[in-house]
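Okay, structure first, notes after.
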Protein chains: 2
Amino acid sequence: MATTPADPDRPERTQPRTASDAVVAHLEELIFDGSYAAGDSLPSEAELAIQLKVSRLTVREGVRSLAARGLVEVSHGRRPVVTATNATQLRDFFSSSVRRDAGGLLELLEVRLAIEVHAAELAARNATPPQIDSLAADLQAMTDATDEETFTAADMRFHHGITEASGNRMISLLVEGMADPLRVGRLKSLHGYLQGTPDLGDLLDEHRLILEKITARDAAGAARAMRKHLATTRRDLLRSFG
Amino acid sequence: MATTPADPDRPERTQPRTASDAVVAHLEELIFDGSYAAGDSLPSEAELAIQLKVSRLTVREGVRSLAARGLVEVSHGRRPVVTATNATQLRDFFSSSVRRDAGGLLELLEVRLAIEVHAAELAARNATPPQIDSLAADLQAMTDATDEETFTAADMRFHHGITEASGNRMISLLVEGMADPLRVGRLKSLHGYLQGTPDLGDLLDEHRLILEKITARDAAGAARAMRKHLATTRRDLLRSFG
DNA sequence: TCGTGCCAACTCGTCAGATGAGTTCAGGCT
DNA sequence: AGCCTGAACTCATCTGACGAGTTGGCACGA
């Protein structure tokens, strides 16, 4: 019984069981159909309570659910604000998964590899000149970095820049969501580097090669270079655990 | 200001702003450190309220947040139950994204391609004999299918089976999360097939090739076959929109 | 003794009313 | 004009209460 085969009866969509679920469904509808765009304020809790004929408390629960799912943002004294699609939900999922099972870190790395390799491929095809310039700047920052914090920051900007250059926002969001859980591992790995084999040069060369291939619009080459780079990263991460 | 550069002050982790955030943090802690495993029941709202010295209402909001994030499940009359890591949160994110921007569907398809190609590669390396048998059975079911519903169901089982055979649960969860939003598109595409070019044979052949490569432990070949298959899928999807 | 049905205790779902605290903006004072 | 202040909103939380679904044990009958 791994997957749910075929529930005979499930009027989920049509008939929310609880009143607060109905609130959630209602607000979702308003957001999804564009009645409220990103940045807009929702009606106040009191107003919604009147409109939907439930108590303010019930509205609060619904809004709270949406907030937990990253669809809206609430802050004291202000009305709830609809947020743009963002990576908080993904970040939350990935970090939860890893916190509950440390083994998930390697699996996550594997996924990142798959996605970023593809991103590099797409970037080679779709990157705009300004995006390429930006990548070059990040690379330069990595080269010039004297402390590992600056280095790592530039490194992450570089990778993030590639996902953006891929032109696929879903990829950007996914990689962004994975960044947090992976950062821990990355720092450890870097430490291993700086103490053991302080060969940051290799890392830089790998980045350079990726950028080169993207600039040359060589999709297959970019994918290959990225794959190689991430294989290195994974190896270092594994080593830092042994 | 795309990325948040460096907030000078952010005592987030250490000091939840609101009481209900504190409840969330507390319960998260209990779940993540293993005090409550999947399947366990949390204390009742009333009990938690006493323990944490807040009102039951505040506890409810916290629990509600966790429920929205898929960490626990609540049902009327029963205490909240901790859920195993599952794809609901991902499903929720992907379907939200697509509902808010239909263009995301193609982006999602692109991501699925990247991940499933990698999954096929891993599956060729890691699949166990029973898993391969299961894949063969799904393929047979597709061959025997007379109506498209059965066909699609077997198709999805086949793909799901490959992600499972990859041995990477994160991949399984991601693909599972994407399935729902993509199903709509897939059905449309199949319709196009059945009415226009009813060449289901090609589809079957592609699946057959993938399984063949996996059975032969040919990782690169499996990846290639999967890539080709998904390219076909994408083409059909695009066609069904034109 | 064993099975069955019913009731009491638990627990979640929702409501009403009330207080405190953060935000915003329009006026009024300097 | 610029700054200050206070009223109006709005979210955050609490207390107390009632209804409805779930569960386990106890009494009753076979």
Side-chain angles (χ1 to χ4, degrees), chain A residues 7 9-28 30-31 36 38-83 88, chain B residues 7 9-12 14-28 30-31 36 39-83 88:
Chain A
D7 269 320
D9 53 338
R10 47 167 185 175
E12 297 157 26
R13 289 276 166 208
T14 56
Q15 196 77 20
R17 336 200 148 295
T18 72
S20 51
D21 281 348
V23 173
V24 170
H26 178 78
L27 293 178
E28 266 182 351
L30 290 179
I31 293 174
Y36 291 91
D40 291 354
S41 289
L42 254 44
S44 72
E45 293 175 355
E47 248 174 279
L48 286 171
I50 296 171
Q51 284 177 25
L52 303 180
K53 290 199 258 286
V54 295
S55 85
R56 193 168 79 87
L57 169 58
T58 306
V59 171
R60 269 185 71 72
E61 278 188 17
V63 173
R64 192 86 194 158
S65 284
L66 293 181
R69 288 168 39 193
L71 279 179
V72 303
E73 242 173 19
V74 294
S75 43
H76 196 155
R78 294 182 206 167
R79 312 211 301 220
V81 175
V82 178
T83 61
T88 61
Chain B
D7 268 321
D9 53 338
R10 47 166 186 174
E12 297 157 26
T14 56
Q15 196 80 17
R17 335 200 149 296
T18 72
S20 51
D21 280 349
V23 173
V24 170
H26 178 78
L27 293 179
E28 265 181 351
L30 290 179
I31 294 174
Y36 290 92
D40 291 354
S41 289
L42 254 44
S44 73
E45 294 175 356
E47 249 175 279
L48 286 170
I50 296 172
Q51 284 176 26
L52 303 180
K53 291 199 257 286
V54 294
S55 83
R56 186 167 82 92
L57 171 57
T58 306
V59 171
R60 270 186 70 72
E61 277 188 18
V63 173
R64 189 90 192 154
S65 283
L66 294 181
R69 288 168 40 192
L71 278 179
V72 303
E73 241 173 20
V74 293
S75 43
H76 195 156
R78 295 182 205 168
R79 312 211 301 219
V81 175
V82 178
T83 61
T88 62

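In what follows, every chain begins at residue 1, and chains take the letters A, B, ... in the order their sequences are listed.
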Subject >> Expected output: side-chain B:Ser65 to main-chain A:Ala68 donor-acceptor under 3.5 Å >> reply: no

**OP:** Respond yes when some side-chain nitrogen or oxygen of B:Arg78 is under 4.0 Å from OP1 or OP2 of D:dT23, and no when none is.
**Re:** yes

**OP:** Return the value, rounded to whole Å, for the distance between atom CD1 of A:Ile50 and atom C1' of C:dC15.
**Re:** 15 Å

Original post:
So, does B:Ser44 use its side chain to make a donor-acceptor pair with the main chain of B:Glu47 at under 3.5 Å?
Top reply: yes

Original post:
Given atom CG of B:Leu57 and atom P of C:dT14, what is their separation to the nearest angstrom?
Top reply: 12 Å

Original post:
With a 4.0 Å cut-off on heavy atoms, is B:Ser44 in touch with a base, just the backbone sugar-phosphate, or nothing at all?
Top reply: sugar-phosphate

Original post:
Is the distance from OP1 or OP2 of D:dA12 to the nearest side-chain N or O of B:Ser20 less than 4.0 Å?
Top reply: no

Original post:
To the nearest angstrom, how far is A:Glu45 atom CD from D:dT13 atom P?
Top reply: 11 Å

**OP:** Please check if the side chain of A:Arg79 supplies one atom and the backbone of A:Leu42 the other of a donor-acceptor pair under 3.5 Å.
**Re:** yes

Original post:
Among C:dT14, D:dT10, D:dT13, which is the nearest nucleotide to the side chain of A:Arg79?
Top reply: D:dT10

Original post:
Ignoring hydrogens and angles, does a donor from either the side chain of A:Arg56 or the base of D:dT13 sit under 3.5 Å from an acceptor on the other?
Top reply: yes

Subject >> Donor-acceptor pair (no angle test) under 3.5 Å: A:His76 side chain, D:dA12 base >> reply: no

**OP:** Figure out the CZ/P separation between B:Arg60 and C:dC15, and round it to whole Å.
**Re:** 11 Å

Original post:
Do A:Leu71 and A:Leu27 have side-chain heavy atoms sitting under 4.5 Å apart?
Top reply: no

